[in-house]
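In what follows, a single structure is set out as structure tokens and then discussed.
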Amino acid sequence: MDLLLDVNVAVDSCVGRKPWCESVDLAIAKCLAEGGRLWLYAGSVQTLDYVVRRALQRARSPAAKPLSAKQLAHQSKSLLKVFAEDKHWLAALAGEGPVFDSPDPEDEQLLHALDRFAPGSIKLLTRDEVLLKDHRDRCVSPEAFCQQPATQTGMGFIDLKTQQDALRPQLEQGIHRVLHHGQYILGPEVTELEQRLAAYTGAQHCITAASGTDALLISLMALGIGPGDEVITTPFTFVATVEVIVLVGATPVFVDIEPGTCNINAALIEAKISDNTKAIMPVSLYGQPADMDEINAIAARHGHLPVIEDAAQSFGAEYKGHKSGNLSTIGCTSFFPSKPLGGYGDGGAIFTSDDALAQACREIRVHGQSARYIHGRIGIGGRMDSLQCAVVLANLERFEQDIAQRQAVARRYHALIQKKTGGKTDDKAHEATGPGQVFTGRKAATAEAITVLPWPAPDRTSVFAQYSLRVQHRDDVQAKLKAAGVPTAVHYPMPMNQQPAYAHLCCPECTPVAAATAEQIMSLPMHPHLTEVEQRRIVDALVATEGTTRLETD
Ligand SMILES: *Cc1c(COP(=O)(O)O)cnc(C)c1O
């Protein structure tokens, strides 16, 4: 549970005001220990400063010479600066201005501000008797809060909250700027994001789109792919990759995956190329680029087929020193909130260094419009709006740091699982096409039960959109991890060529590795803010779970 600090308790703690500061500090410590956040209302800054000064003057012994106004101002500001460091600022919103009908406008503002939070997720910490009496459900005294049973926040599969906390000033400023300039469609944020992302990837052009799915769809349309055409892709992906091929009227042709990376197996592509093949669409799954050089070489040998990289999960990753998204004719990514670079809604982007393709994508994105109300081609309403671009621009500020933290989390998982299962040194870690490292060793009972995917080869990096591994008896493992408070997910439980809508296109036996992977793959919680303590808990539960599973099935 979060706490919004009323001015009186904030000042108690800030200046160590006796006798109240003790219980306030205990309440603050309890809130933080339980994973809650402490908020200060940004509209209260002046009152805080005023009350701190008064408290400082009163705390002096009557014999002491009173502090000068200048000294007081200086002391108050330094104390408040330190005090605010581990607190979050809660913006004062327009609706919290007209509170003059209230007997206490300032209290009224704080009560209003609480309404922004999910019900029951925050309380106003105060020792104001009137507030405590009149708003018992929303206010709590430090003493009463300390008496409450602990409410440990559960572990999340992803954590967008911590990210938001870290970037709140940039997010709020970006969003409010859009509200004020009013260019909601194709506003300055859209251009800025496109320029920043083009520079980031090294591609000549970046065209944002309403979603990752639309980015893929627009790309296929720009390439003129349609009925009678075939597009080679992987069955082991999110449905959007395959959906867009069918939407333009073309036929997906599925090629099996590598067991180690779960990406399309480049060695199997050539056998599937026909006269009708018009593009190859690899997916850089879980954050790791597919073997793009191999795929580009095959495409070049077959009449320079265009290659579209679905980089929805791999944006930020590198392949031989180049950024994912800029590894082939076209790259597409997604800013779905849970992706490594996400927004707070739908969004996506297309990357290309081909001027004509870029122009075509820009026109298709706006109903095929080449000039105002002149529609030279068939298009869609596929723009990303200025507000979403503002959110992604804010998140971009921490993106490199996020990637480094994701990689550190993945490395820790790798090491922890290896240690817990008594595995040997991971010396074949980068044999990316192999089945992954099966940990064997002391705990023979778990030997074939947990298989981590090999660490990315030295010529590429992963942004670990997911940390996925293989487990036997997945349903049992997931159920027991859930009981231990560890959320898991499956990416993906059914290859596309087994899905009801697409099953007629190819049989599961044609892609046996994808079929087998879908039975065993499981993803552990993954986000940049996962702590080592949490990871130990997860791996302990995973390994323990495995032992029990074995006993049950033996
Ligand atoms: C998320 C995702 C998409 C679709 O992106 P949206 O922005 O949700 O439309 C496409 N392909 C893959 C591999 C994805 O993970």
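Every number for a ligand or one of its atoms is a count from 1 in the order of the listing. Keep in mind the model is a prediction, meaning the values are calculated, not measured.
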Nitrogen or oxygen contacts under 3.5 Å, ligand 1 side and protein side:
| unit_1 | atom_1 | unit_2 | atom_2 | d |
| --- | --- | --- | --- | --- |
| ligand 1 | 5 (O) | Ser334 | OG | 3.3 |
| ligand 1 | 7 (O) | Gly212 | N | 2.7 |
| ligand 1 | 7 (O) | Ser334 | OG | 2.7 |
| ligand 1 | 9 (O) | Gly212 | N | 3.3 |
| ligand 1 | 9 (O) | Thr213 | N | 2.8 |
| ligand 1 | 9 (O) | Thr213 | OG1 | 2.4 |
| ligand 1 | 11 (N) | Asp310 | OD1 | 3.3 |
| ligand 1 | 11 (N) | Asp310 | OD2 | 2.7 |
| ligand 1 | 15 (O) | Gln313 | NE2 | 2.8 |
| ligand 1 | 15 (O) | Lys339 | NZ | 2.8 |

Review point. Aromatic rings Tyr286 and Phe236: how do their planes relate, parallel, tilted or perpendicular, breaks at 30° and 60°?
Key: perpendicular
Do [X] and [Y] pair up side chain to side chain, a donor and an acceptor below 3.5 Å, judged on atom types alone?
X      : Y      : value
Thr531 : Arg536 : no
Gln163 : Asp402 : yes
Glu318 : Thr461 : no
Gln407 : Arg411 : no
Asp310 : Ser284 : no

